[in-house]
Amino acid sequence: MPQTIVRCSAPDCREPAAYKIAAPWSDGSFSELKSYGQACTEHLGAVFREAEARRQAYKLSPGETIGEIGIYKYEQGKRDRHLQRLWGLEENYRG
Ligand SMILES: [Zn+2]
């Protein structure tokens, strides 16, 4: 069976995703890594900034929390909790 290729979320980009932009999310009882998008190397900055803007504009429900947005190395088929966070890269894109 062919694998689904996860692509960059920048408009019109057809590159496969190399990074995942995500933030820890919780509703008080359940928690997960909430995805804000995927990016190729070229669009990482744009996708990351767009994700941060979306997170800041988001209105939390009572009991809901969202942590800091991070850049994770995207690996096909790997579970979110096992993704490697790339702290060094995030420094380059924080304003
Ligand atoms: Zn791209």
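Atoms within each ligand, like the ligands themselves, are counted from 1 in listed order. These numbers come from a predicted model, not from an experiment.
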Short side-chain to backbone donor-acceptor contact, Gln76 and Thr4, under 3.5 Å: yes
Donor-acceptor pair, Arg55 side chain versus Ile66 backbone, under 3.5 Å? yes
Who else is in the cluster with Leu83 when I, L, V, M, F, W and Y are joined by side-chain contacts under 4.5 Å? Leu33, Tyr72
Counting only protein N, O or S atoms (no waters) closer than 2.8 Å to the Zn ion (ligand 1) gives 4
Less than 3.5 Å apart, which donor and acceptor atoms pair up between the side chains of residues 9-22 and the rest of the protein, not counting sequence neighbours?
residue : atom : partner : partner atom : Å
Ser9    : OG   : Gln38   : N            : 2.9
Ser9    : OG   : Gln38   : O            : 2.6
Lys20   : NZ   : Asp80   : OD1          : 3.0

Set of side chain to side chain donor-acceptor pair (under 3.5 Å) partners for Thr41, sequence neighbours left out: none
Is any NZ, NE, NH1 or NH2 atom of the basic residue among Arg81 and Glu32 found under 4.0 Å from an Asp or Glu carboxylate oxygen of the other? no
